[in-house]
Amino acid sequence: MVKLRLKRCGRKQRAVYRIIAIDVRSRREGRDLRKVGFYDPIKNQTYLNVPAILYFLEKGAQPTGTVHDILKKAGVFTELHLNQ
């Protein structure tokens with residue numbers, strides 16, 4: 001099973017996160033299938049590769065709680081329902 005999850009990057013006290021598609025059994029910093037976005041909580045910036053995210057969601061990938069909130073705020077789920 002594939003999950004959309006955050007992967008921590010950056011330095012101490014200055015974390016930024018990549019949104020990645022990863023196998024459930026892998027650890028947080030493990031090898032990802034594909035990088036599909038970027039999130040900076042300090043500057044509150046988000047970059048999303050929406051076609052890649054929609055591809056994984058259509059294949060049955062489950063987003064984690066935080067990623068779900070980020071995608072919901074960006075309106076990705078409305079695009080998913082429009083495509084179906």
Side-chain angles (χ1 to χ4, degrees):
M1 180 182 209
V2 175
K3 275 199 176 257
L4 297 176
R5 155 189 318 177
L6 293 175
K7 183 176 187 177
R8 191 175 197 273
C9 301
R11 58 179 204 242
K12 276 195 301 190
Q13 304 295 317
R14 185 78 179 100
V16 293
Y17 297 92
R18 287 188 181 136
I19 301 171
I20 59 170
I22 193 167
D23 186 44
V24 173
R25 296 166 288 187
S26 298
R27 58 195 176 109
R28 182 185 72 182
E29 307 302 327
R31 185 164 174 239
D32 51 81
L33 299 173
R34 185 165 178 190
K35 296 173 185 75
V36 294
F38 174 83
Y39 174 60
D40 186 352
I42 297 170
K43 294 182 182 177
N44 204 14
Q45 291 179 335
T46 306
Y47 166 76
L48 300 173
N49 184 354
V50 177
I53 292 171
L54 290 176
Y55 170 78
F56 281 109
L57 288 174
E58 288 170 354
K59 296 294 181 184
Q62 297 295 316
T64 60
T66 308
V67 173
H68 184 273
D69 294 341
I70 293 169
L71 297 179
K72 188 175 178 183
K73 192 180 289 186
V76 173
F77 292 114
T78 57
E79 291 184 35
L80 180 66
H81 292 300
L82 290 176
N83 287 345
Q84 290 179 349

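Just the heavy atoms: all of them, side chains too, but no hydrogens, waters or symmetry mates, feed the values below.
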* With sequence neighbours excluded, what pairs up with Arg25 under the side-chain hydrogen bond (donor to acceptor under 3.5 Å, both in side chains) test? -> Asp23
Just list the side-chain donor-acceptor pairs under 3.5 Å for residues 69-77, sequence neighbours left out, or say none.
none

Name all residues meeting the salt bridge (charged side-chain N to carboxylate O under 4.0 Å, His left out) criterion together with [X]; count only those two or more places apart in sequence or in a different chain, and write none if there are none.
X: Arg11; value: none
X: Arg14; value: Asp40
X: Lys7; value: Asp32

* Asked: Pick one: which of Ile22, Val36, Ile20 meets side chain to side chain contact (heavy atoms under 4.5 Å, CB included) with Leu4?
  -> Val36
* **Residues forming a side chain to side chain contact (heavy atoms under 4.5 Å, CB included) with Arg31, sequence neighbours excluded** => none
* Asked: Do you know which two heavy atoms are closest between Tyr17 and Arg8, and how far apart they sit?
  -> CD2-CA, 3.7 Å
* Taking all non-hydrogen atoms of both residues, which atom of Arg5 and which atom of Ser26 are closest, and how far apart? -> NH1-O, 3.0 Å
Could you list the donor-acceptor pairs under 3.5 angstrom formed by side chains in residues 41-55, with sequence neighbours left out?
none

* To do: Please answer: with hydrophobic residues joined when any side-chain heavy atoms are less than 4.5 Å apart, are Leu6 and Val2 in the same cluster?
  => yes
